[in-house]
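Single-structure report; data block below.
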Amino acid sequence: MVNYWLFKSEPSVYSIDDMKRDNAIYWEGIRNYQARNFMRACTVGDRVLFYHSNAKPPGAVGECKIVKEAWPDPEQFNPESKYFDPKASFEKPRWTVVDIEFVSKFDRLVSLQEMKENAKLAEMKLVQKGCRLSVMPVSKEEFEEVLLMGKE
DNA sequence: GCCAACGTTGGC
DNA sequence: GCCAACGTTGGC
């Protein structure tokens with residue numbers, strides 16, 4: 001079964017254009033348990049909305065897919081990394097990454113405001129107040145609606 | 001740059 | 001286990 005997700009990234013740190021250039025990466029640096037647990041539920045072939053947060057304007061900009069399921073985030077073991085976690089060990093890793101691959105960049109950005117204004121997306125986690133999750137599930141219908149909004 | 005909404009930490 | 005203090009996220 002295919003699941004649908006939304007991954008947030010700050011474009012000043014890593015944008016959809018970086019994603020397009022690199023083609024496939026592991027999604028490093030998630031340090032929130034809820035987001036981590038969603039990543040652990042990702043399966044190969046799941047579809048991902050790529051979202052620009054802290055941007056002007058914030059919004060969905062493209063599509064990716066899961067190509068490798070959860071494995072330990074190597075950054076947690078690296079003292080030089082800003083994602084280093086002294087409480088993590090090889091025996092007991094705390095944090096997880098998944099590998100994603102670029103699928104497409106939207107013709108146009110689908111802004112957060114547009115998504116809030118679309119009645120079909122009223123139940124979407126993203127548009128609900130106080131949602132700061134950087135990895136979150138999306139329904140099939142919501143995913144397809146956002147894809148449609150990103151065309152033309 | 002501000003600040004609301006959370007999540008995490010650590011003293012007790 | 002409570003909760004105050006602190007840190008982070010992310011829209012505006």
Side-chain angles (χ1 to χ4, degrees), chain A residues 3-22 25-42 46-66 69-100 102-139 141-151:
Chain A
N3 303 298
Y4 299 84
W5 309 97
L6 183 145
F7 283 21
K8 288 182 184 172
S9 181
E10 297 190 28
S12 61
V13 178
Y14 198 82
S15 72
I16 187 71
D17 293 319
D18 297 321
M19 188 71 230
K20 187 176 181 179
R21 181 198 62 216
D22 295 341
I25 55 155
Y26 62 84
W27 199 255
E28 66 177 26
I30 298 298
R31 294 294 178 270
N32 170 286
Y33 288 107
Q34 239 189 309
R36 183 202 66 180
N37 293 341
F38 284 135
M39 281 204 299
R40 290 184 175 174
C42 291
D46 285 0
R47 302 173 74 184
V48 176
L49 287 173
F50 195 105
Y51 177 91
H52 281 172
S53 62
N54 260 322
K56 293 176 186 172
V61 287
E63 183 184 349
C64 295
K65 66 177 179 186
I66 305 290
E69 289 171 19
W71 56 285
D73 186 344
E75 304 296 321
Q76 69 191 312
F77 308 125
N78 176 8
E80 303 297 314
S81 171
K82 72 167 185 168
Y83 298 120
F84 177 64
D85 185 343
K87 290 178 183 167
S89 66
F90 284 106
E91 295 74 28
K92 286 196 167 183
R94 268 195 173 189
W95 306 110
T96 302
V97 294
V98 291
D99 290 13
I100 65 170
F102 177 82
V103 173
S104 68
K105 181 180 173 178
F106 292 168
D107 299 331
R108 52 179 290 279
L109 175 140
V110 180
S111 73
L112 177 63
Q113 194 185 342
E114 287 175 79
M115 289 191 253
K116 282 180 173 169
E117 286 166 1
N118 187 331
K120 291 179 188 167
L121 302 179
E123 298 298 315
M124 209 175 168
K125 264 197 167 50
L126 178 77
V127 306
Q128 281 159 15
K129 203 180 164 191
C131 183
R132 298 181 312 162
L133 276 175
S134 48
V135 172
M136 68 183 89
V138 174
S139 76
E141 292 72 24
E142 290 160 353
F143 190 96
E144 282 166 358
E145 180 65 16
V146 174
L147 238 53
L148 208 62
M149 291 165 82
K151 284 183 178 150

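Naming: A, B, ... by sequence-line order, numbering from 1 per chain.
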(message) So if I take every side-chain heavy atom of A/Arg94 and compare against C/dC12, B/dG7, B/dT9, which nucleotide ends up nearest?
(response) B/dT9

(message) Without decimals, in angstroms, what is the distance between A/Lys87 NZ and B/dG7 P?
(response) 18 Å

(request) Look at A/Tyr33 and B/dC6 and indicate whether a side-chain polar atom (N or O) is within less than 4.0 Å of OP1 or OP2. (result) no

(message) If the cut-off is 4.0 Å, is A/Lys8 near the phosphate of C/dT8, judged by side-chain N/O to OP1 or OP2?
(response) no

(request) State whether A/Lys129 places a side-chain N or O below 4.0 Å from either non-bridging phosphate oxygen (OP1 or OP2) of B/dA5. (result) yes

(request) Determine whether the aromatic ring centres of A/Trp71 and A/Tyr26 lie less than 6.0 Å apart. (result) yes

(request) Using atom NZ of A/Lys82 as one end and atom P of C/dG7 as the other, report the distance to the nearest whole Å. (result) 17 Å

(message) Between A/Cys131 and A/Asn54, which residue's closest nucleotide on DNA chain B lies nearer the 5′ terminus?
(response) A/Asn54

(request) Starting from P on B/dG7, measure out to CG on A/Leu133 and report it in whole angstrom. (result) 8 Å

(request) May I ask you to say what A/Lys116 touches in the nucleic acid, namely base, sugar-phosphate or nothing, with a heavy-atom cut-off under 4.0 Å? (result) sugar-phosphate

(message) Which residue in the set A/Glu69, A/Gln76, A/Arg40 passes side-chain hydrogen bond (donor to acceptor under 3.5 Å, both in side chains) when paired with A/Thr96?
(response) A/Arg40

(message) Could you check whether A/Lys120 pairs with A/Glu141 (Lys NZ or Arg NE/NH1/NH2 to Asp/Glu carboxylate O, under 4.0 Å)?
(response) no

(message) Taking the basic N atoms (NZ, or NE/NH1/NH2) and the acidic carboxylate oxygens, is any pair closer than 4.0 Å for A/Asp17 and A/Lys20?
(response) no

(request) To the nearest Å, give me how far apart CD (A/Glu10) and C1' (C/dG11) are. (result) 12 Å

(message) Tell me whether the rings of A/Phe38 and A/Trp5 are parallel (<30°), tilted (30 to 60°) or perpendicular (>60°).
(response) tilted

(request) Round to the nearest Å and state the distance from A/Asn32 atom CG to C/dG7 atom C1'. (result) 13 Å

(request) May I have the distance from A/Asp85 (atom CG) to C/dT8 (atom P), rounded to whole angstrom? (result) 13 Å

(request) Measure from CZ on A/Arg31 to P on B/dT8 and round the result to the nearest Å. (result) 13 Å

(request) Can you check whether any acceptor in the base of C/dT8 is under 3.5 Å from a donor in the side chain of A/Arg132, or vice versa? (result) yes

(request) Find the distance A/Gln34:CD to C/dT8:P and express it as a whole number of Å. (result) 19 Å

